[in-house]
Amino acid sequence: MTEEHPYQGERPQRQRGRRVLVVLLVLLLVLIGLLVTADRVAAGMAERALADQVRTEIAQQNVEAGPPEVEIGGFPFVTQVLDGRYKRISIGLREVRGSVQGDVLALPTLDIDAHDVTASLDTLRSGQGEVVAGSVTGTGTVSYDSLAARLDQEGLRLGERDGKLVVTAPVDILGERLPVTGTADLKVDQGRVALRFTNLTAEGMPSGPLARVLLNNFAQGISVDVPLPELPFDLTVREVRPLPEGLQVTAEAAEVPINAAG
């Protein structure tokens, strides 16, 4: 007779137990995947609803811009909805155009981060009520062409070099049209950017004090205070910095409604 090994009956049980464990793990992963997908779908719906409200708010502030791109940060989204508080809401605006004393100043980009945002589920769903941010920071870029147009000097061009705002322009000095280059000091004061051009040099400039006086007069003529357009969400400019793509503007605000309250 063949003697049955005492452990042979346990192997099928172990195999069945492992199969059950694998099935449970797969079901758990599927369930987590469905929950994550549902969470992201809900977040997407809220982002689209908030984008519509932001578009209305911007229009009421007489600011032109492309369709806002809204992203609600933090995970999971559903727990933030239940709490009515959101860690961060990012709003991207493109081709922002604001009027300044009859002229138009263009910001190709304006990226806004709203922190500590409060909004009820009903507000997001119906658009009725306020969405308020505890603090808002905005970073935009003013195009150099738009800024140069404010200086109203034929042939003048602005750019960035070594972190400095650089100017180049043709200037008539003692009957000669010479290329002038120099840098500007920047300062923000009450919604204006003060441009103070210094260290201007002119290639081939005649020697003598009169030529230097004419060059200094040109520097003073383009050293102006440039008012910035009113930014959305009551943003106040705190800093400007030259970048290759334009003049970067950093702005801040506190306790700001970021939608048009119904």
>> Which residues pass the side chain to side chain donor-acceptor pair (under 3.5 Å) test with T201, not counting sequence neighbours?
In response: T181

> Partners of R212 by side chain to side chain donor-acceptor pair (under 3.5 Å), sequence neighbours excluded?
Replying inline: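 Partners of R212 under the side chain to side chain donor-acceptor pair (under 3.5 Å) test: none.
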
> Hey, is D116 close enough to K87 for a salt bridge, meaning N to O under 4.0 Å?
Replying inline: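 Answer for the salt bridge query: no.
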
> Do T139 and D111 have side-chain atoms, one donor and one acceptor, less than 3.5 Å apart?
Replying inline: no

Side chains of [X] and [Y]: closer than 4.5 Å at any heavy-atom pair?
| X | Y | result |
| --- | --- | --- |
| T250 | V240 | no |
| T168 | P179 | no |
| V136 | L235 | yes |
| Q153 | F218 | yes |
| R157 | V167 | no |
| I91 | L93 | yes |
| V249 | V142 | yes |
| L195 | S223 | no |

Would you confirm whether [X], through its side chain, and [Y], through its main-chain N or O, come within 3.5 Å as a donor-acceptor pair?
| X | Y | value |
| --- | --- | --- |
| E160 | G163 | yes |
| T137 | E252 | no |
| Y86 | V117 | no |

Closest non-hydrogen atom pair, [X] against [Y]:
| X | Y | answer |
| --- | --- | --- |
| I173 | A202 | CD1-CB, 4.2 Å |
| A184 | K164 | O-CD, 4.5 Å |
| F197 | A219 | O-CB, 4.0 Å |
| P108 | T141 | CD-O, 2.7 Å |

Quick check for you: to the nearest 0.5 Å, what is the distance between [X] atom [atom1] and [Y] atom [atom2]?
| X | Y | atom1 | atom2 | value |
| --- | --- | --- | --- | --- |
| R88 | H115 | CZ | NE2 | 7.5 Å |
| I112 | L110 | CD1 | CG | 4.0 Å |
| L147 | L158 | CG | CG | 5.5 Å |
| S135 | E255 | OG | CD | 8.5 Å |

Would [X] and [Y] show up in the same hydrophobic cluster when neighbours are defined by side-chain heavy atoms closer than 4.5 Å?
| X | Y | value |
| --- | --- | --- |
| L178 | V166 | no |
| L174 | V213 | no |
| L210 | M205 | yes |

So does [X] have more than 12 non-hydrogen atoms from other groups sitting under 6.0 Å from [atom1]?
| X | atom1 | result |
| --- | --- | --- |
| R238 | CZ | yes |
| R94 | CZ | yes |
| D172 | CG | yes |

> Run the side chain to side chain contact (heavy atoms under 4.5 Å, CB included) check on V132 and V256 step by step: do they pass?
Replying inline: CA-CA 5 Å; V132 179; V256 181; over 6 Å; no

>> One pair to check against side chain to side chain donor-acceptor pair (under 3.5 Å): S90 and D113. What are the steps and the verdict?
In response: CA-CA 5 Å; S90 297; D113 281 330; 2.7 Å; yes

> Looking at D185, T183, D225, which hits side chain to side chain donor-acceptor pair (under 3.5 Å) with R196?
Replying inline: D225

> Can you check side chain to side chain contact (heavy atoms under 4.5 Å, CB included) on L186 and L247, steps first, answer last?
Replying inline: CA-CA 10 Å; L186 299 173; L247 193 65; 3.7 Å; yes

